[in-house]
Amino acid sequence: MTDIPAGWYIDPEDAKQYRYWDGIQWTLHRSPVGTPDPIRTGEPMGVVSGAFTLLRQRWLSMLAIAGLGTALLIVGVILGLIGVAISLEPGLLDIIRTTSRADYNPTFDPVDRAFEDSITWEWNGGIVLIVLGVIAAALGQYGGFAAGILHLASARAGQPRSAPSCVAMMLRRALRWFGVWLLWSLGYLLAVGVPVVLMVVAANTLPVLLVILVPLAIAAVIYVFPMLQLAPIALVLAPRGTPPFRHAVALVRADWGGIAIRTLLLNLIGFGMSIGLNIVGIIPLLGLLVSIPASIALYSYYLAGGVLLYEYAEGQVDPQIPETALS
């Protein structure tokens, strides 16, 4: 079979399954024969078209997971705003109403300056609501992401978990995932902050250095972006004990060109859909009716694309993800 091009074929070890042939050898990727046409991530547009196919196959459960995540995010924002309103003195509405006046000018108007100086923070029950709001928003945003990835990855393994099962697994592993996400966020801020500081210093001392620093920064972003795209997927899917970011870096280094072009196509199509969604969103009534389900569909598209990108890179998947779906 050495002359056969890469693609999905009947598994020689199990005629009930498709198995992916990478052009040289059989990989571990399988798909039940009874499912719709197998997704061909080996083709450059395969991740994009496959994301729509996977989303079409699992749209109902993804709607439930993404809807729950969106609801938690909204609840978190509302709780946070209520907490801030309770903790601020004078009230939040009074502050917004006063500071949004066209003639508001605390620099030159002593009345406005006195109002600004009178704003205080009260340590009361509002703090509890703010903390609860942050937890709910984090569960909505990051928990919804993780539960969606678990569901789509288990579906690709031929053993799809139900939406409640994915949410339960996410909750069991949430503490570790959130901790790693927090550390990564701090690392990203540092990685972005240092080049920005260097460019600001160069702009004020030796502007000619920007000719070197700006292209270097752009090149670094282009090179690292595929790794940043795979890292959160690896965090959710990689077996325990496998350093997720290091795993993502190793995958990208093995095939930077293939992963980069698929990442670019995936994001370009998503960006185009986002523009279309924003245009529809300005239409009265129709925009309101379409925006929320369309936003959930766009979000799910990115999750499906991420799972297929990870699959194309032959990333390791925790065996508990599909196996426990059968229990």
Residue pairs involving residues 45-73 (criterion ring pair (Phe, Tyr, Trp, His ring centres under 6.0 Å); sequence neighbours excluded): F52-Y301
Partners passing side-chain hydrogen bond (donor to acceptor under 3.5 Å, both in side chains) against T70 (at least two apart in sequence or in another chain): none
Shortest non-hydrogen contact from H247 toward Q316: NE2-N, 3.0 Å
Derivation of the side chain to side chain contact (heavy atoms under 4.5 Å, CB included) call for L150 and R173: CA-CA 12 Å; L150 288 172; R173 302 187 176 188; 5.6 Å; no
same_hphob_cluster(L79, V77) at 4.5 Å side-chain heavy-atom cutoff: no
Spacing of R156 atom CZ and Y310 atom OH [to the nearest 0.5 Å]: 14.5 Å
Contact check, side chains of V252 and Q229, non-hydrogen atoms, under 4.5 Å: no
Cluster link L132 to V134, ILVMFWY, side chain under 4.5 Å: no
Closest approach of D103 to R101 (non-hydrogen atoms, all atoms of both residues): OD1-NE, 2.8 Å
Approximate separation, where rounding is to 0.5 Å, of T98 OG1 and L93 CG: 10.5 Å
Donor-acceptor contact below 3.5 Å, side chain S165 vs main chain S162: no
Spacing of CG belonging to L303 relative to CG belonging to L55, to within rounding of 0.5 Å: 9.0 Å
Stepwise side chain to side chain contact (heavy atoms under 4.5 Å, CB included) check, I282 with N278: CA-CA 7 Å; I282 64 177; N278 290 331; over 6 Å; no
Interatomic distance, L139 atom CG to L73 atom CG [nearest 0.5 angstrom]: 10.5 Å
V201 reachable from L206 in the ILVMFWY side-chain graph, under 4.5 Å edges: no
Partners meeting side-chain hydrogen bond (donor to acceptor under 3.5 Å, both in side chains) with Y104 (sequence neighbours left out): E116
Nearest heavy-atom neighbours spanning S87 and I127: OG-N, 3.8 Å
Residue from V211, I212, I218, L216 passing side-chain contact (heavy atoms from CB on, under 4.5 Å) with V214: I218
Path from V224 to I261 over hydrophobic side-chain contacts below 4.5 Å: yes
Listed partners of R97 passing salt bridge (Lys or Arg N to Asp or Glu O under 4.0 Å), at least two apart: D94
I296/M62 under side chain to side chain contact (heavy atoms under 4.5 Å, CB included): CA gap, chis, key distance, verdict: CA-CA 9 Å; I296 291 176; M62 283 303 299; over 6 Å; no
Main-chain N/O of H151 paired to S154 side chain as donor or acceptor, under 3.5 Å: yes
Other residues, nucleotides, ligands: >12 heavy atoms within 6.0 Å of R246 CZ: no
Donor-acceptor under 3.5 Å (D109 side chain, N105 main chain): no
Considering all heavy atoms, the nearest F115-I95 contact: CZ-CA, 3.9 Å
Partner set under side-chain contact (heavy atoms from CB on, under 4.5 Å) for A174, not counting sequence neighbours: M170, F178
Side chain proximity check, V47 to L265, heavy atoms < 4.5 angstrom: no
L266 side, atom CG; I259 side, atom CD1 - distance, nearest 0.5 Å: 12.5 Å
For residues 180-200, run the donor-acceptor check on the side chains, cut-off 3.5 Å, and write out each pair with its distance to 0.1 Å, sequence neighbours left out.
from : atom 1 : to   : atom 2 : distance (Å)
S185 : OG     : W181 : O      : 2.8

Closest approach of L237 to A153 (non-hydrogen atoms, all atoms of both residues): CD2-CB, 3.5 Å
Sub-4.5 Å side-chain heavy-atom contact between V317 and E311: no
W26 and D11: CA distance, side-chain angles, deciding distance, side chain to side chain contact (heavy atoms under 4.5 Å, CB included) verdict: CA-CA 9 Å; W26 291 107; D11 188 346; 5.6 Å; no
Hphob cluster co-occupancy, Y142 + V75, side-chain heavy atoms under 4.5 angstrom: no
Interatomic spacing from CD1 in I269 to OH in Y302 - rounded to 0.5 Å: 9.5 Å
Shortest non-hydrogen contact between L308 and A51, atoms and distance: CD1-N, 3.3 Å
CZ (R253) with more than 12 external heavy atoms under 6.0 Å: no
